[in-house]
Amino acid sequence: MRIATFNVNGITARLPVVLNWLEAFRPDIVCLQELKIPQERFPADAFRAAGYGVVWHGQISWNGVAILAKGTEPEELHGALPNDPEDRHSRYLEAEVGGLRIASLYLPNGNPVPSPKFDYKLRWFSRLHEHAASLLASGVPTILAGDFNVMPTALDVYAPERWLDDALFRPEVREAFRRLIAEGWTDAVRTLHPDQRIYTFWKYYRGAFERDAGLRIDHLLLSPSVASRLEAAGVDRGVRGAQRPSDHAPVWIGLTD
DNA sequence: ATGACTGATGGAATCAGA
């Protein structure tokens, strides 16, 4: 089965691109981020017509996450990280799909550094750590998929020296990502392609995509029982070259049945 | 070098993204 994550940068503007991609690649489960649409205006009918059950948490203007499942209804488990009731951002959604537990997450950007936004990013990361530990402890096969807004290593940045003070590449943020890996999560794309330059985001300006000046910030982290089924992983770069594309491309994994 | 695009809101200019 194939599972993908895609930061769409606005589902209203991106619906044709997303529907074409679903039609062409027919992934079994899809995590979407940056819906940028209120809950009641999410185009659920378009996804149902394409053969996907869907759960989502929207928000006006910013954020917003969804989970699609081909031919079945995802069962929502958490509509937010469960350890801060004051946090109103729609950045985390967790559901069960056919015995798999899957989370669609959109980690805060955190720029500029330092700032309250960067503090919020670090706090959000530590809340994710706390929750991820309980997910691992449960033993349920789990995937954390989404836009982590972290380039884990210099191999994941076209020009690492220019990003040293950026919130996506600061040492404490990379360390937070490393801790997740150390605790037992598998970075699917990097595990199957240890030495390859692979990007998932290219900024819109300065011909970044044409120059391949990209970042790898969208990730699928696998719990051990899912990692043992990992057989393929990659990025659908062609989607970044579509008409009116997102600035991110879909990232996918293939699992044995 | 923080600029350069793009999307959402609202109906222009501003915020936010990464």
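All chains are named by letter (A, B, ...) in the order of the sequence lines, taking the proteins before the strands, and each is independently numbered beginning at 1.
Comparing B:dA12 with B:dG7, their C1' atoms sit 15 Å apart, to the nearest whole Å. When the P atom is compared between B:dC15 and B:dG10, the two are found 14 Å apart, to the nearest whole Å. Going from the P atom of B:dT14 to that of B:dG3 covers 14 Å, rounded to whole Å. With C1' as the reference atom, B:dT2 and B:dG17 are 12 Å apart, rounded to whole Å.
Comparing B:dA4, B:dC5, B:dA8 by their closest approach to the side chain of A:Tyr204 singles out B:dC5. Taking only side-chain atoms of A:Ala13, from C-beta outward, the nucleotide of B:dA1, B:dT9, B:dG7 with the closest atom is B:dG7. Comparing B:dA16, B:dG17, B:dT9 by their closest approach to the side chain of A:Ser61 singles out B:dT9. Set against B:dG7, B:dT9, B:dA8, the side chain of A:Arg14 has B:dG7 as its closest nucleotide. Among B:dA1, B:dG7, B:dT9, the nucleotide with an atom closest to any side-chain atom of A:Ile60 is B:dT9. Nearest nucleotide to the A:Arg41 side chain, out of B:dA8, B:dT9, B:dA4: B:dT9.
Under the 6.0 Å distance and 45° angle rule, A:Arg216 does not count as a cation-pi partner of A:Tyr199.
For A:Arg244 and B:dC5, the shortest distance from a side-chain N or O to OP1 or OP2 is not below 4.0 Å. Under 4.0 angstrom from either OP1 or OP2 of B:dG17 there lies at least one side-chain N or O belonging to A:Lys117.
In this structure, A:Trp21 has its ring center under 6.0 Å from that of A:Phe6. Residues A:Phe42 and A:Phe47 place their aromatic rings such that the two centres sit under 6.0 Å apart. With ring centers used as reference points, A:His89 lies 6.0 Å or more from A:Tyr106.
Judged by distance alone, with hydrogens and angles left aside, the side-chain atoms of A:Ser90 form a donor-acceptor pair with the main-chain N or O of A:Gly58 at under 3.5 Å.
Mapped onto DNA chain B by nearest heavy atom, A:Asn9 and A:Glu34 fall at different nucleotides, with A:Asn9 at the one closer to the 5' end. In terms of position on DNA chain B, the residue among A:Asn111 and A:Leu35 whose nearest nucleotide sits closer to the 5' end is A:Leu35.
Looking at heavy-atom distances under 4.0 Å, A:Asn7 makes contact with sugar-phosphate atoms alone, never a base.
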